[in-house]
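These notes concern the structure reproduced below.
What you see below is based on every heavy atom in this structure, not just the backbone, and it leaves out hydrogens, waters and symmetry mates.
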Amino acid sequence: MAESEDVAVYLPSLEMARGAQASLTARVWWRRAGVNLLAKDPSDSRRLAAILTVVRRRDAEEPMELLRYPYVPSMPFALEEGTARLFERYPAQSPPACLRVDLNRRGSGDPYRGVPTATPTFHGFDYGHALVQVREKLTQLRAAHPPGTLEVETWAWPILWLSYRRLTMRREVALLVRPDRVLHAMMCKGRWL
């Protein structure tokens with residue numbers, strides 16, 4: 001099945017970054033040259049997924065695009081903003097078919113009798129609050145337009161959020177694969193909770 005093979009290219013991991021010899025240097029007070037964070041093990045990691053949504057109204061002669069928006073799960077603001085801007089840079093490129101998702105499904109079954117899970121994920125990447133935001137927006141749009149006139153397309157976009165904490169340093173990193181299949185890393189200084 002070619003579609004499931006293509007998905008692996010878009011699932012970011014620390015091993016993928018290390019295999020690509022990616023470097024993300026953070027300056028720290030105890031070392032003048034800085035530290036390559038991707039060579040270190042993170043204190044915490046979370047597998048998240050943004051949801052790219054395109055809504056078109058198709059009752060006219062030519063479909064009219066009503067919404068094109070990336071809904072990003074909750075992360076530090078700089079990472080959320082950077083992720084949203086990254087998707088805005090590739091508006092003409094349509095996401096690959098292997099990332100297409102149906103948000104109406106309740107989730108895949110667990111190993112015990114295939115009972116559906118309460119919250120759907122994309123290959124283990126959690127949508128978080130992004131799923132709630134998308135569903136709310138789609139409910140609003142469907143209420144404002146006649147039934148059957150909206151065409152909704154959604155894609156999941158996996159993001160690996162890494163937290164590095166050591167002494168007084170805290171850095172937050174997001175890894176994702178861009179539409180052109182290049183691994184992209186973003187970093188921000190985290191704030192203490």
Check whether any side-chain N or O of [X] sits under 3.5 Å from a backbone N or O of [Y] as a donor-acceptor pair, and report yes or no.
X	Y	value
Trp155	Cys98	no
Thr149	Arg57	no
Arg135	Leu103	yes
Arg47	Asp126	no

To check you understand the geometry: which heavy-atom pair defines the closest contact between [X] and [Y], and what is its length?
X	Y	value
Leu14	Lys40	CD2-O, 4.0 Å
Met16	Ala8	CE-O, 4.0 Å
Pro95	Leu52	CG-CD2, 4.0 Å
Cys188	Ala78	CB-CB, 3.7 Å
Pro158	Leu11	CG-CD2, 3.6 Å
Trp161	Leu48	CE3-CD1, 3.7 Å

>> Are Ile159 and His184 packed together at the side-chain level, in the sense that at least one heavy-atom pair is separated by less than 4.5 angstrom?
In response: no
> So do Glu172 and Ser163 actually touch side chain to side chain, heavy atoms under 4.5 Å?
Replying inline: yes
Rounded to the nearest 0.5 Å, what separates atom [atom1] in [X] from atom [atom2] in [Y]?
X	Y	atom1	atom2	value
Leu162	Ser13	CG	OG	9.5 Å
Gln133	Lys137	CD	NZ	11.0 Å
Met186	Glu80	CE	CD	10.5 Å
Gln140	His145	CD	NE2	10.5 Å
Leu141	Leu66	CG	CG	6.5 Å
Leu150	Met64	CG	CE	9.5 Å

>> Do Tyr71 and Val132 land in one hydrophobic cluster if side-chain heavy atoms of ILVMFWY residues count as linked below 4.5 Å?
In response: no
> Are Phe122 and Val9 connected, step by step, through hydrophobic side chains (Ile, Leu, Val, Met, Phe, Trp, Tyr) whose heavy atoms are closer than 4.5 Å?
Replying inline: yes
>> Strictly by salt bridge (charged side-chain N to carboxylate O under 4.0 Å, His left out), give each pair with a member in residues 147-157 just once, sequence neighbours left out.
In response: Arg56-Glu151, Arg56-Glu153, Arg100-Glu153
> In this structure, which one of Pro70, Pro12, Pro179 forms a side-chain contact (heavy atoms from CB on, under 4.5 Å) with Trp157?
Replying inline: Pro179
>> Checking Met187 now: which residues fulfil side chain to side chain contact (heavy atoms under 4.5 Å, CB included) with it, not counting sequence neighbours?
In response: Leu24, Ala26, Leu37, Arg171, Val173
